[in-house]
Trainee: 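This is the structure I want to talk about, given as structure tokens.
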Amino acid sequence: MTAIDPCDRDTDVADSPSVPAGTSAQAQAEAEAEAEADGGGSVLGKRYRALTLGIVSVVSLIAFEASAVNTAMPVAARALDGVELYAYAFSAYFTASLFAMALSGEWCDRRGPLVPLFAGIAAFGAGLVVSGSASEMWMFVGGRGVQGIGGGLVIVSLYVLVGRAYPQRLQPAVLASFSAAWVLPVIIGPLIAGTVAERVGWRWVFLSIPVLILLPLAVMLPALRKVERGERSPAMNRRRILLALAVASGAGLLQYAGQDLAWVSLIPAAAGLALLVPCILRLLPRGTFRAARGLPSVVLLRGIAAGAFLGAESFIPLMLVTERGLSATAAGLSLTGGGLTWALGSYTQSRPRLEPYRERLMAGGMVLIATSIALVPLVLADSVPAWLVAVAWVLGGYGMGLVISSGSVLLLKLSGPKEAGSNSASLQVSDALGNITLVGLSGVLFVGFGGGSVAAADHTAAASATAGTGHAGAFAAVFVAMAAVALLGAVVTTRLRPAAQ
């Protein structure tokens with residue numbers, strides 16, 4: 001898939017930062033022709049090529065790690081005797097990234113995106129090393145948390161970088177390239193990770209990825225030095241950073257309480273709620289949780305979509321390995337189609353002619369997500385072919401491409417220059433909070449319905465003998481709940497357009 005040609009987009013004069021508002025159409029055309037001649041007419045033109053390739057390299061690295069982790073996780077959890085902490089291994093990443101996202105937003109507004117970007121890449125690599133070297137499951141989860149800090153710093157920095165380095169007419173194309181960067185990793189990631197985990201060892205899935213960090217650093221550095229610094233806030237908002245820390249701590253306590261369904265767990269649960277609720281209300285835009293029109297609903301929808309999709313996706317490989325006897329490689333490959341159609345959905349929403357229908361596209365995307373998740377538990381019946389999961393995830397991935405990329409476009413459109421960092425952080429915080437909450441809820445449902453004792457099957461020819469372990473109800477509870485959440489997101493899409501429009 002190629003990035004869109006921004007010259008096809010019908011833009012207003014004010015859309016181009018190089019052309020002042022009120023300039024004649026002829027002057028605008030001359031300015032655009034000059035940009036084309038200078039190689040700046042597209043995201044892969046001479047002016048932006050190195051920066052775009054660097055951004056794509058960073059996103060591809062994160063994408064490869066995500067697809068590899070999904071594939072290797074059942075093997076790692078079994079090897080470390082930590083299946084009961086399976087959901088923690090995912091949610092720890094997002095709990096840590098939630099704090100890092102708020103920190104990155106303030107850091108970007110104060111100092112620019114370069115320092116938090118490179119600090120995040122370094123932390124991401126360090127977390128991979130910790131997880132790959134873990135001797136116990138809690139060490140593995142801790143490494144995932146360090147990765148989350150790096151991922152949170154990186155993703156907000158990239159959004160701010162797009163807002164500062166590219167004109168508005170090119171921003172949808174760059175954001176579409178974020179999704180395009182997932183295409184190759186989701187194709188080769190499960191195959192490579194599954195093969196390595198089964199034949200060499202799951203640890204090397206994590207320990208080999210940090211080597212790839214050197215590539216985006218080498219590609220991006222020269223181009224990043226040319227990025228304009230832009231307007232900066234006078235100081236970091238320490239209150240916002242502390243709020244994010246409190247939210248992350250509260251979410252962590254709730255996850256801890258949810259993994260042990262006993263009366264004593266009410267204590268950390270109460271403490272977690274006391275930290276989480278008041279702080280998150282101050283951290284996100286006012287009106288987010290009541291789906292106020294405009295920016296608050298954009299932020300809320302991102303959390304719902306991301307959390308519902310990941311909450312279901314996290315348990316698909318484990319279900320296919322333990323209930324249907326698939327190998328880790330085959331289970332991981334069942335998710336590949338979703339990554340490809342995610343990129344296709346992102347490309348679809350970036351087409352200029354569809355701009356007036358963006359809210360409808362997002363509503364359709366949420367319906368597709370809900371449908372895809374609802375189809376997955378049908379595979380728990382032996383009479384239903386396991387490949388139905390792959391078909392379902394093709395639908396869900398396309399829906400995610402429509403929703404996630406459109407949400408990013410709407411956020412940039414509704415944000416002023418001095419608010420780009422904090423609003424981008426709010427969007428990513430909502431993503432992380434949705435992931436933490438809904439993956440955590442999936443874990444609670446899974447354990448509550450008896451799934452905590454499931455034993456991962458051997459990934460050999462004997463796998464079929466261990467399939468069908470009698471935990472179908474635990475998996476079904478997860479997928480039904482996430483489908484219901486996705487349908488709720490479809491309702492929220494009716495609130496995306498600001499009241500003034």
Side-chain angles (χ1 to χ4, degrees), residues 1-9 11 15-18 32 34-65 104 108 112-118 120-121 124 151 153-187 212-230 339-340 342-352 401 404-406 408-409 411-413 420-421 424 428:
M1 189 187 75
T2 57
I4 66 167
D5 181 0
C7 296
D8 291 339
R9 184 180 181 185
T11 56
D15 284 344
S16 176
S18 60
E32 291 178 350
E34 182 180 353
E36 287 287 349
D38 189 39
S42 74
V43 295
L44 292 178
K46 182 173 65 175
R47 182 183 302 177
Y48 300 110
R49 184 184 301 125
L51 184 59
T52 301
L53 292 177
I55 290 174
V56 169
S57 297
V58 173
V59 177
S60 295
L61 175 65
I62 296 174
F64 182 81
E65 183 272 344
S104 185
C108 288
L114 304 191
V115 176
L117 175 62
F118 284 99
I121 291 174
F124 190 80
L153 291 173
V154 167
I155 193 63
V156 173
S157 300
L158 290 180
Y159 273 93
V160 175
L161 183 61
V162 169
R164 293 191 178 187
Y166 296 86
Q168 283 189 3
R169 63 190 177 86
L170 295 184
Q171 288 173 7
V174 182
L175 294 172
S177 74
F178 278 34
S179 295
W182 282 73
V183 173
L184 184 60
V186 301
I187 294 175
L212 303 177
I213 292 175
L214 299 177
L215 177 61
L217 290 177
V219 173
M220 293 185 73
L221 187 57
L224 287 172
R225 289 173 175 170
K226 300 177 183 179
V227 176
E228 294 183 6
R229 295 187 175 185
L340 298 177
W342 188 321
L344 180 60
S346 180
Y347 174 78
T348 300
Q349 65 79 36
S350 70
R351 302 311 298 163
I404 298 300
S405 296
S406 289
S408 300
V409 172
L411 178 121
L412 291 176
K413 185 182 297 185
S424 295
Q428 301 306 321

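Model, not experiment: these values are computed from the prediction.
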Trainee: Are Phe64 and Val59 side-chain neighbours, meaning at least one heavy-atom pair lies under 4.5 Å?
Mentor: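 No - every pair of side-chain heavy atoms lies 4.5 Å or more apart.
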
Trainee: Taking all atoms of both residues into account, what is the closest heavy-atom pair of Pro116 and Cys108, and its distance?
Mentor: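 Here Pro116 and Cys108 meet closest at CG-SG, 3.8 Å.
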
Trainee: Where do Ile55 and Leu158 land on the side chain to side chain contact (heavy atoms under 4.5 Å, CB included) test, with the steps shown first?
Mentor: CA-CA 7 Å; Ile55 290 174; Leu158 290 180; 4.2 Å; yes

Trainee: Quick check for you: to the nearest 0.5 Å, what is the distance between Ser405 atom OG and Tyr347 atom OH?
Mentor: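 Between atom OG of Ser405 and atom OH of Tyr347 there are 13.5 Å.
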
Trainee: Considering residues at least two apart in sequence or located in another chain, which fulfil the side-chain hydrogen bond (donor to acceptor under 3.5 Å, both in side chains) criterion with Ser408?
Mentor: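 Result, side-chain hydrogen bond (donor to acceptor under 3.5 Å, both in side chains) vs Ser408: Tyr159, Arg302.
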
Trainee: Taking side chain as C-beta onward, heavy atoms only, is Ile121 less than 4.5 Å from Leu153?
Mentor: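 Sidechains of Leu153 and Ile121: no contact.
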
Trainee: Which heavy-atom pair separates Gly401 from Gln349 by the least distance, and what is that distance?
Mentor: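 Scanning both residues completely, I find the closest heavy atoms to be O-CG, 4.0 Å.
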
Trainee: Please report the interatomic distance OG1(Thr348) to CG(Leu344), rounded to the nearest 0.5 Å.
Mentor: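 Rounded to the nearest 0.5 Å, the OG1-CG separation comes to 4.5 Å.
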
Trainee: Ignoring hydrogens, what is the shortest heavy-atom contact between Leu61 and Phe124? Give both atom names and the distance.
Mentor: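 Taking every non-hydrogen atom into account, CG-CE2, 4.5 Å.
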
Trainee: Please identify each residue that fulfils side-chain hydrogen bond (donor to acceptor under 3.5 Å, both in side chains) with Ser60, with sequence neighbours left out.
Mentor: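 In terms of side-chain hydrogen bond (donor to acceptor under 3.5 Å, both in side chains), with neighbours along the sequence ignored, Ser60 is linked to no residue.
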
Trainee: In terms of side-chain heavy atoms, does Thr52 have a donor or acceptor partner in Tyr166 at a distance below 3.5 Å?
Mentor: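 The criterion, which ignores hydrogens and geometry beyond distance, is satisfied for Tyr166 and Thr52.
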
